[in-house]
Amino acid sequence: MAVVDVELKIKRYNPEQDKKPHWETYEVRVEDTDRVVDALHEVKWHHDGTLSFRRSCVHGVCGSDAMVINGSNALACVLLVKDVGTNITVEPIRGLRVIKDLVVDMEPFFDQYKSVLPYLINSTDPGYEERRQSPEDRERFDDTTKCILCAACTTSCPIYWGNESYVGPAAIVNAHRFIFDSRDEAAGDRLDILNQRSGVWRCRTAFSCTEACPRDIKITQAIQEVKRAILYNRI
Ligand code: FES
């Protein structure tokens with residue numbers, strides 16, 4: 001552990017006073033084992049209290065602090081200063097309207113998430129029993145249960161930047177999580193939704209989403225599995 005001086009360049013935008021975004025640079029002193037979010041806190045608490053950014057758990061669980069850090073989407077509470085260096089640029093995630101500084105409007109993202117019916121649908125009453133599932137059946141969607149809805153994947157997708165009607169990788173990941181759940185009865189409905197123009201066929205297999213995911217979900221593979229389920233009617 002060592003104390004380091006970091007130059008933090010942050011893209012700032014306050015729609016109440018700025019015509020367009022601009023960069024501001026701050027010098028902060030942190031431990032090299034601190035996270036980028038600690039450097040941002042240093043700015044907000046000791047340099048400029050008007051800086052706005054989202055964070056909540058600060059432990060990589062809630063998904064609220066996805067940002068573009070040195071050009072790549074990441075969670076500010078996960079990335080260590082010693083892994084990004086002492087010259088750090090921070091921008092809001094792309095493809096969503098900036099409300100202020102690093103805070104973007106997440107409503108379109110959550111509307112797309114909701115559009116794929118991301119919850120268990122089963123019309124039978126299990127009574128006092130649990131809905132049982134074999135370890136093999138659980139394994140089929142294990143990877144996609146790890147999503148924390150941070151939007152790092154969707155906002156790293158060049159198709160999403162150019163086409164806001166595309167549901168995006170995160171919505172497909174969360175559809176996958178239920179499509180392949182043996183206890184669910186609505187896989188066909190979700191596949192119909194994802195077979196539309198706004199669905200999986202927009203994906204051009206760029207792998208940007210997989211690279212951006214802070215939970216290491218194999219997103220491109222999940223999207224391919226959904227495509228195959230539509231094409232071959234196989235779940
Ligand atoms: S603040 Fe919760 S994931 Fe970073």
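Start at 1 and go down the list; that is how both ligands and their atoms are numbered.
Of all N/O/S atoms in Asp65, OD1 sits nearest atom 4 (Fe) of ligand 1.
A salt bridge links Asp105 to Arg97: one of the charged nitrogens lies within less than 4.0 Å of a carboxylate oxygen. Looking at Asp181 and Arg138, no side-chain N of the basic residue comes within less than 4.0 Å of a carboxylate O on the acidic one, giving no salt bridge.
Both the backbone and the side chain of Cys57 come within contact range of ligand 1, each with a heavy atom under 4.0 Å. Neither the backbone nor the side chain of Val78 comes within contact range of ligand 1; no heavy atom lies under 4.0 Å.
When Asp38, Asp5, Asp34 are each tested for a salt bridge (charged side-chain N to carboxylate O under 4.0 Å, His left out) with Arg29, only one passes: Asp5.
Taking 2.8 Å as the criterion, Cys77 does not count as a coordinating residue of atom 2 (Fe) of ligand 1, since none of its N, O or S atoms falls below it.
Donor-acceptor pairing under 3.5 Å is lacking for the side chains of Arg140 and Ser182. A donor atom on one side chain and an acceptor atom on the other are not found under 3.5 Å apart for Arg202 and Ser165.
Of the protein's non-hydrogen atoms, Val58 N, 3.1 Å is the one closest to atom 1 (S) of ligand 1. Residue, atom and distance of the protein heavy atom nearest to atom 3 (S) of ligand 1 are Gly63 N, 3.1 Å.
Using a 4.5 Å cut-off on side-chain heavy atoms (C-beta onward), Met67 and Phe53 make contact.
Counting atoms of ligand 1 from 1 in the listed order, those under 4.0 Å from a heavy atom of Ser56 are 1 (S). The contact set between ligand 1 and Gly60, taken as ligand atoms under 4.0 Å from a residue heavy atom, comprises 3 (S). Applying the 4.0 Å criterion to heavy atoms of Val61 picks out, from ligand 1, the atoms 3 (S). Residue Cys62 approaches ligand 1 through these ligand atoms, each under 4.0 Å from one of its heavy atoms: 1 (S), 2 (Fe), 3 (S).
Val173 and Cys147 get closest at one heavy-atom pair: CG1-CB, 3.9 Å.
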